[in-house]
Amino acid sequence: MKQTFTIFAIMFTMSANAGIYTNASNFRPYIGIDAGVNISDYTYETDLDDTYYSATINAGARIGHNFGVELFFTHSSTNNLSMIDSFSTLDHEVYYMGYGFDIFGYYPVSRNFDFFTSFGIANYKVYNKYEYIEPFLETSLTTSDNNVSSRFGIGILYTFPGDNISGLLQYQYTPLSSELFNNMSEFSIGIRYTF
């Protein structure tokens, strides 16, 4: 394990000093969009699907070779569970929204290819809606649960020739500990346009 970290440190130092990141500017702002698949771990047993799809918009900046910051806003798809029997109907819907910021560490591997890690703070708002209908009774309840959580990420970034457009693949883990979710694991693909 020590050998792996030593080799990685040597590669990182050599690439940082070899001029892999050739842009002369030390501050490069960007905007982007991500599409993700989120696998959630519920706090209790439920027949709700644990997979959510999400769309994220973000704005950030690459600062020098190895550092970056990013603001984001994400919105998930709605998971719906309906159960109908002879005398009653239950309808259950869940979705979430989140916003926050991430700090990135970039590790250049080649001129156009970077490995990165991230750490962020985010506020997730989970919307939980129940509707229960019986012959002589209708009950509906909508709750929302706000949670501030850290999140951790890892990924790869490829910058296309011209240095303005990049594509990325990333994985992010969020130990949410909300009323409904224990944690979330998100796999996403995105694009960035750098000014």
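It should be emphasised that the depicted structure is a prediction, and the values quoted were computed from it without experimental measurement. What you see below is based on every heavy atom in this structure, not just the backbone, and it leaves out hydrogens, waters and symmetry mates.
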Test ring-ring contact (aromatic ring centres under 6.0 Å, His included) on Phe73 and Tyr99; report intermediate values, then the result. CA-CA 4 Å; Phe73 174 79; Tyr99 62 89; 7.3 Å; no
Could you go through the salt bridge (Lys or Arg N to Asp or Glu O under 4.0 Å) check for Arg62 and Asp163 one step at a time? CA-CA 12 Å; Arg62 177 105 177 232; Asp163 289 336; over 6 Å; no
Using the rule given for side-chain contact (heavy atoms from CB on, under 4.5 Å), can you reason through Arg151 versus Asp102, listing the C-alpha separation, both sets of side-chain angles and the distance that settles it, and then say yes or no? CA-CA 8 Å; Arg151 58 190 225 153; Asp102 293 311; 2.7 Å; yes
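A 6.0 Å sphere centred on OH of Tyr127 holds more than 12 heavy atoms belonging to other residues, nucleotides or ligands.
Side-chain atoms of Tyr96 and Thr74 form no donor-acceptor pair, as typed in the model, at a separation below 3.5 Å. For the residue pair Asp145/Thr143, the side-chain donor-acceptor check at 3.5 Å is not satisfied. Under 3.5 Å, the side chains of His92 and Asn79 contain no donor-acceptor pair of N or O atoms.
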Mind listing the side-chain donor-acceptor pairs of residues 45-52 below 3.5 Å, one per line with the distance, residues two or more places apart or on another chain?
{"unit_1": "Thr46", "atom_1": "OG1", "unit_2": "Leu48", "atom_2": "N", "d": "3.1"}
{"unit_1": "Asp49", "atom_1": "OD1", "unit_2": "Thr51", "atom_2": "N", "d": "3.1"}
{"unit_1": "Tyr52", "atom_1": "OH", "unit_2": "Tyr42", "atom_2": "OH", "d": "2.7"}

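Screening residues 186-195 for salt bridge (Lys or Arg N to Asp or Glu O under 4.0 Å) gives Asp34-Arg192, Glu70-Arg192 as the qualifying pairs, with residues at least two apart or on separate chains.
When the side-chain hydrogen bond (donor to acceptor under 3.5 Å, both in side chains) test is applied to Asn164, no partner is found at least two apart in sequence or on another chain. Remark: Phe152 engages Phe119 in a ring pair (Phe, Tyr, Trp, His ring centres under 6.0 Å) (not counting sequence neighbours).
The ring-ring contact (aromatic ring centres under 6.0 Å, His included) with Tyr107 is formed by just one residue from the set Phe115, Phe67, Phe116; it is Phe115.
In terms of modelled atom types and a separation under 3.5 Å, the side chain of Asn66 and the main chain of Gly105 share no donor-acceptor contact. Looking only at distances, no side-chain donor or acceptor of Asn58 sits under 3.5 Å from a matching main-chain atom of Leu71. Under a 3.5 Å cut-off, the side chain of Thr78 and the backbone N or O of Tyr95 do not form any donor-acceptor pair.
Nearest approach of Ser166 to Leu157, heavy atoms of both residues: CB-CD1, 3.6 Å. Closest approach of Asn147 and Ser177 over heavy atoms only: OD1-O, 3.8 Å. Among all heavy-atom pairs drawn from Thr174 and Ser149, the shortest one is CG2-OG, 3.5 Å. Here the closest non-hydrogen pair linking His65 and Pro108 is O-CG, 4.5 Å. Taking all atoms of both residues into account, the shortest heavy-atom contact from Ser150 to Pro175 is O-CD, 3.4 Å.
Hydrophobic side-chain contacts under 4.5 Å tie Val37 into a cluster, directly or through other members, with Tyr53. Membership of an apolar cluster is not assigned to Phe72, as no side-chain contact below 4.5 Å to another ILVMFWY residue is traced.
Put simply, CD1 on Ile189 and CD on Gln170 are 10.5 Å apart, with the number rounded to the nearest 0.5 Å. Between Tyr44 atom OH and Leu180 atom CG the span is 4.5 Å, to the nearest 0.5 Å. Taken from CG in Asp41 to OG in Ser185, the straight-line distance is 8.5 Å, to the nearest 0.5 Å. The NZ atom of Lys129 sits 9.5 Å away from the CG atom of Asn80 when rounded to the nearest 0.5 Å. Annotation: the span from Phe27 atom CZ to Ile63 atom CD1 amounts to 5.5 Å, rounded to 0.5 Å. For the atom pair CG (Leu168) and OH (Tyr158), the distance works out to 14.0 Å, reported to the nearest 0.5 Å.
Under the 4.5 Å side-chain criterion, counting only non-hydrogen atoms from C-beta, Leu176 is not in contact with Asn183. Annotation: side chain of Phe101 is in contact with side chain of Ile121 (closest heavy-atom distance under 4.5 Å).
A distance of 6.0 Å or more separates the ring centres of Tyr171 and Tyr173.
By the 30° and 60° cut-offs, the orientation of the rings of Phe104 relative to Tyr106 is parallel.
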